[in-house]
Number of protein chains: 2
Amino acid sequence: MSQQRTGHEAGITGRVGAVTPSAVLGSQPDFPDLPEATVARLPEYLRALHHLAETGHDTVSSEGLALAAGVNSAKLRKDLSHLGSYGTRGVGYDIEPLVGQIEYILGLNKRRAVALVGVGNLGHALAGYAGFASRGFRIAALFDADLTRVGELINGIAVRHIGDIPEVVKSEAISIAVLATPAGAAQAVADQLVAAGVTSILNFAPVVLNLPEQVDVRKVDLAVELQILSFHEHRKSARGAELAKAMARGAVNGSPVATLGEVAA
Amino acid sequence: MSQQRTGHEAGITGRVGAVTPSAVLGSQPDFPDLPEATVARLPEYLRALHHLAETGHDTVSSEGLALAAGVNSAKLRKDLSHLGSYGTRGVGYDIEPLVGQIEYILGLNKRRAVALVGVGNLGHALAGYAGFASRGFRIAALFDADLTRVGELINGIAVRHIGDIPEVVKSEAISIAVLATPAGAAQAVADQLVAAGVTSILNFAPVVLNLPEQVDVRKVDLAVELQILSFHEHRKSARGAELAKAMARGAVNGSPVATLGEVAA
DNA sequence: CGCGATTTGTGCACCTGTTCACAAGCGCTT
DNA sequence: AAGCGCTTGTGAACAGGTGCACAAATCGCG
């Protein structure tokens with residue numbers, strides 16, 4: 001159970017990137033077709049690899065990397081096999097070129113400029129989050145609708161009014177935006193962002209955005225995550241109660257106290 | 001493409017809750033076996049239903065609710081059918097009892113106490129996040145390892161030292177914790193939480209936690225989300241470039257400018 | 001009271017993704 | 001130079017989830 005479930009729902013099917021058969025242009029396998037599920041795991045592999053590199057490793061086996069990334073080794077090998085062959089049988093994977101390949105695939109060789117809209121409670125924290133900077137992104141602009149917030153400096157960047165979105169998105173060549181506005185404003189702001197040229201949005205507002213097909217949207221809803229955990233809590237206690245009842249009636253083997261953990265294990 | 005992908009990876013398979021065959025105890029269908037994918041969508045349905053209720057609706061069709069929740073109607077009907085029958089053919093679903101049923105399943109009838117560990121940049125924002133309170137949770141305790149932070153009041157709650165975790169988790173009957181510590185501290189803190197009795201953890205630290213089977217862990221990594229979007233950006237531009245090249249060579253139909261959007265649509 | 005319009009609930013086929021298990025390949029040792 | 005142990009890469013079976021398409025059920029209206 002404590003297998004780690006990480007962001008990103010499958011839900012949408014199909015390979016990603018399969019648009020032009022390479023036969024048409026005879027291109028080298030520069031951009032392989034990756035299953036969506038694999039794409040979602042690559043960042044986790046990348047993080048684990050960086051950690052291994054920092055702790056002095058040059059190579060790592062699929063078993064070792066799988067452990068560090070919280071997946072099983074077969075899955076890991078299949079995922080990496082999609083990127084081409086970066087392993088040596090009998091030895092393992094060379095960390096350095098593998099890191100390079102994954103970063104290339106993820107488009108992280110160049111640092112990407114990101115806009116953040118909504119400098120409220122959450123947005124403020126995101127603006128200061130060091131993890132963005134250290135993992136390939138640069139917060140290039142902050143926006144808010146509230147005029148009293150405009151001008152405020154956060155981490156050295158001034159908050160601008162959302163009216164400036166078109167101008168700034170163009171001048172900074174921003175294609176990714178983080179949306180941390182209140183729910184009510186999210187759709188309108190998203191429309192403005194898309195109109196300005198943004199093609200990927202990370203949405204923290206608890207609303208379903210309605211946007212053109214070609215725009216990628218990922219949603220993170222903190223309350224939803226807790227509610228899913230709540231379900232599992234409810235389930236555990238319900239099952240525990242039922243089992244206890246069953247025990248009390250049938251009363252065969254094992255101590256009622258241990259049942260919950262035992263069953264799950 | 002702009003279909004909304006929401007947290008929560010499948011990855012782990014199997015029904016949830018299938019532990020005791022109800023034959024053993026002849027229990028009413030109080031706690032149905034739900035596919036994990038369905039569980040992950042229920043919170044979204046719940047949010048949409050609340051919104052509909054607030055805007056004066058009594059009933060809603062599967063089509064309408066599916067639209068509001070960002071899924072297709074067949075999937076929605078199948079999901080709801082797992083909860084038992086709350087719809088009327090020819091009419092739709094009665095919102096009120098449906099809300100009640102989903103809240104019951106998710107264990108949201110009673111407000112759940114949550115502990116938050118790590119009152120740094122992100123933790124501070126989470127502590128003040130209104131969405132938790134409004135959607136079934138109560139932040140019952142704040143913890144930090146930094147003694148200079150201990151005692152600070154956030155939203156009316158005092159930050160306590162992590163050494164107090166065992167005591168407070170027991171006295172407040174906390175089973176869910178939010179982990180917003182630096183990566184280096186996360187595993188140790190998680191161990192302490194579990195030892196104190198916590199059985200579900202929402203982990204914001206970019207590390208894979210190693211915990212007993214019976215503990216549920218969900219992971220949210222903001223940088224990972226951006227990296228996935230980055231992949232799609234990279235893919236879009238790579239495909240765009242290839243298409244442009246192909247166009248320039250073969251030069252058959254359509255304007256090169258429109259291709260990207262056209263293909264995706 | 002019966003008929004038609006509407007919408008749910010679901011059997012079924014399809015498809016993505018996971019896992020097992022093993023052959024192929026590599027390096028080290030003798 | 002040959003053999004041995006180790007690890008990758010992958011074919012094949014399996015599991016879970018999705019979406020179509022339709023039968024069953026309900027309501028409203030004539």
Side-chain angles (χ1 to χ4, degrees), chain A residues 3-6 8-18 29 32-42 44-45 57-67 69-95 97-98 101, chain B residues 3-6 8-18 29 32-42 44-45 57-67 69-95 97-98 101:
Chain A
Q3 264 272 32
Q4 235 104 142
R5 304 152 182 89
T6 306
H8 196 260
E9 164 72 2
I12 286 59
T13 57
R15 306 275 137 140
V16 180
D33 286 0
L34 296 182
E36 188 67 46
T38 297
V39 173
R41 283 187 294 264
L42 289 182
E44 204 61 38
Y45 300 158
H57 296 74
D58 291 336
T59 66
V60 65
S61 70
S62 64
E63 199 68 47
L65 182 52
L67 191 73
V71 302
N72 74 40
S73 61
K75 198 187 292 188
L76 179 117
R77 286 199 298 277
K78 190 150 281 182
D79 282 341
L80 294 191
S81 77
H82 289 299
L83 312 186
S85 193
Y86 285 82
T88 312
R89 293 171 196 235
V91 179
Y93 296 90
D94 278 354
I95 291 179
L98 186 53
Q101 174 66 357
Chain B
Q3 264 273 32
Q4 236 105 139
R5 303 152 182 89
T6 306
H8 198 258
E9 164 71 3
I12 286 58
T13 57
R15 307 274 137 141
V16 181
D33 287 359
L34 297 181
E36 187 66 47
T38 297
V39 173
R41 284 187 292 265
L42 288 182
E44 204 62 39
Y45 300 157
H57 296 76
D58 291 336
T59 66
V60 64
S61 70
S62 64
E63 200 69 49
L65 182 53
L67 192 74
V71 300
N72 75 39
S73 61
K75 198 187 294 189
L76 179 115
R77 286 199 298 277
K78 191 152 285 186
D79 282 340
L80 293 190
S81 77
H82 289 297
L83 311 187
S85 194
Y86 286 80
T88 311
R89 295 170 194 237
V91 179
Y93 296 90
D94 278 353
I95 291 179
L98 186 53
Q101 174 67 358

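Quick note on labels: first sequence line is chain A, next is B, and so on, each numbered from 1.
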Quiz prompt | Criterion side-chain contact (heavy atoms from CB on, under 4.5 Å) on L34(A) and L83(A), from CA distance to verdict | solution = CA-CA 8 Å; L34(A) 296 182; L83(A) 312 186; 3.9 Å; yes
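Rounded to whole angstrom, the span from the CD atom of E36(B) across to the C1' atom of dT18(D) amounts to 17 Å. If you take CG of L65(A) and C1' of dG9(D), they are 15 Å apart, rounded to a whole angstrom. In this entry the distance linking CD of E63(A) with P of dC20(C) reads 11 Å, nearest Å. Rounded to whole Å, atom P of dT7(C) lies 14 Å from atom CG of L76(B). Summarising the geometry, the separation between CG on D79(A) and P on dT18(C) is reported as 7 Å, rounded to the nearest angstrom. In this structure, H82(A) places its NE2 atom 16 Å from P of dT8(D), rounding to the nearest Å. In this structure, Y45(B) places its OH atom 13 Å from P of dT8(C), rounding to the nearest Å. As a whole-Å value, the separation of K75(A) NZ from dC20(C) C1' is 14 Å.
Candidate nucleotides dT19(C), dT8(C), dG17(D) were compared by shortest atom distance to the side chain of A37(B), and dG17(D) ranks first.
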Which atom pairs link the protein and nucleotides 9-13 of chain C when you take only N or O atoms and keep those under 3.5 Å?
{"unit_1": "dG9(C)", "atom_1": "OP1", "unit_2": "S85(B)", "atom_2": "OG", "d": "2.5"}
{"unit_1": "dG9(C)", "atom_1": "OP1", "unit_2": "G87(B)", "atom_2": "N", "d": "3.4"}
{"unit_1": "dG9(C)", "atom_1": "OP2", "unit_2": "Y93(B)", "atom_2": "OH", "d": "2.7"}
{"unit_1": "dG9(C)", "atom_1": "O4'", "unit_2": "R89(B)", "atom_2": "NH2", "d": "3.1"}
{"unit_1": "dG9(C)", "atom_1": "N7", "unit_2": "R77(B)", "atom_2": "NE", "d": "2.9"}
{"unit_1": "dG9(C)", "atom_1": "O6", "unit_2": "R77(B)", "atom_2": "NH2", "d": "3.2"}
{"unit_1": "dG11(C)", "atom_1": "O6", "unit_2": "K78(B)", "atom_2": "NZ", "d": "3.0"}
{"unit_1": "dC12(C)", "atom_1": "N4", "unit_2": "K78(B)", "atom_2": "NZ", "d": "3.4"}

Protein N or O to nucleotides 28-30 of chain D N or O, pairs below 3.5 Å:
none

Distances for protein N/O vs nucleotides 2-4 of chain D N/O pairs under 3.5 angstrom?
none

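The shortest distance between the side-chain N/O atoms of N72(A) and the OP1/OP2 oxygens of dT19(C) is below 4.0 Å. Contact annotation: S62(A) reaches the phosphate of dT8(D) (side-chain N/O to OP1 or OP2, under 4.0 Å).
Nearest heavy-atom pair, N72(B) versus A66(B), reported as atom, atom and distance to 0.1 Å: C-CB, 3.8 Å. Of all heavy-atom pairs between R77(A) and Y93(A), the closest is CG-OH, 3.7 Å. Counting all heavy atoms, side chain and backbone alike, H82(A) lies closest to K78(A) at CD2-O, 3.0 Å.
Scored by the side chain to side chain contact (heavy atoms under 4.5 Å, CB included) test, D58(B) finds no partners at all (sequence neighbours excluded). Shown here are the side chain to side chain contact (heavy atoms under 4.5 Å, CB included) partners of L67(B), two or more places apart in sequence or in another chain: there are none. Residues passing the side chain to side chain contact (heavy atoms under 4.5 Å, CB included) test with I95(A), sequence neighbours excluded: L49(A), L52(A), A53(A), H57(A), V60(A), V99(A).
The distance from the CG atom of L80(A) to the CZ atom of R41(A) is 10.0 Å, given to the nearest 0.5 Å. Between the CG atom in L65(B) and the CD atom in E44(B) there is a gap of 10.0 Å [rounded to 0.5 Å].
Counted by atom type alone, D79(B) and Y45(B) present one or more donor-acceptor pairs between their side chains at under 3.5 Å.
Residues S73(A) and E63(A) have side chains in contact (heavy-atom distance under 4.5 Å, counting atoms from C-beta outward).
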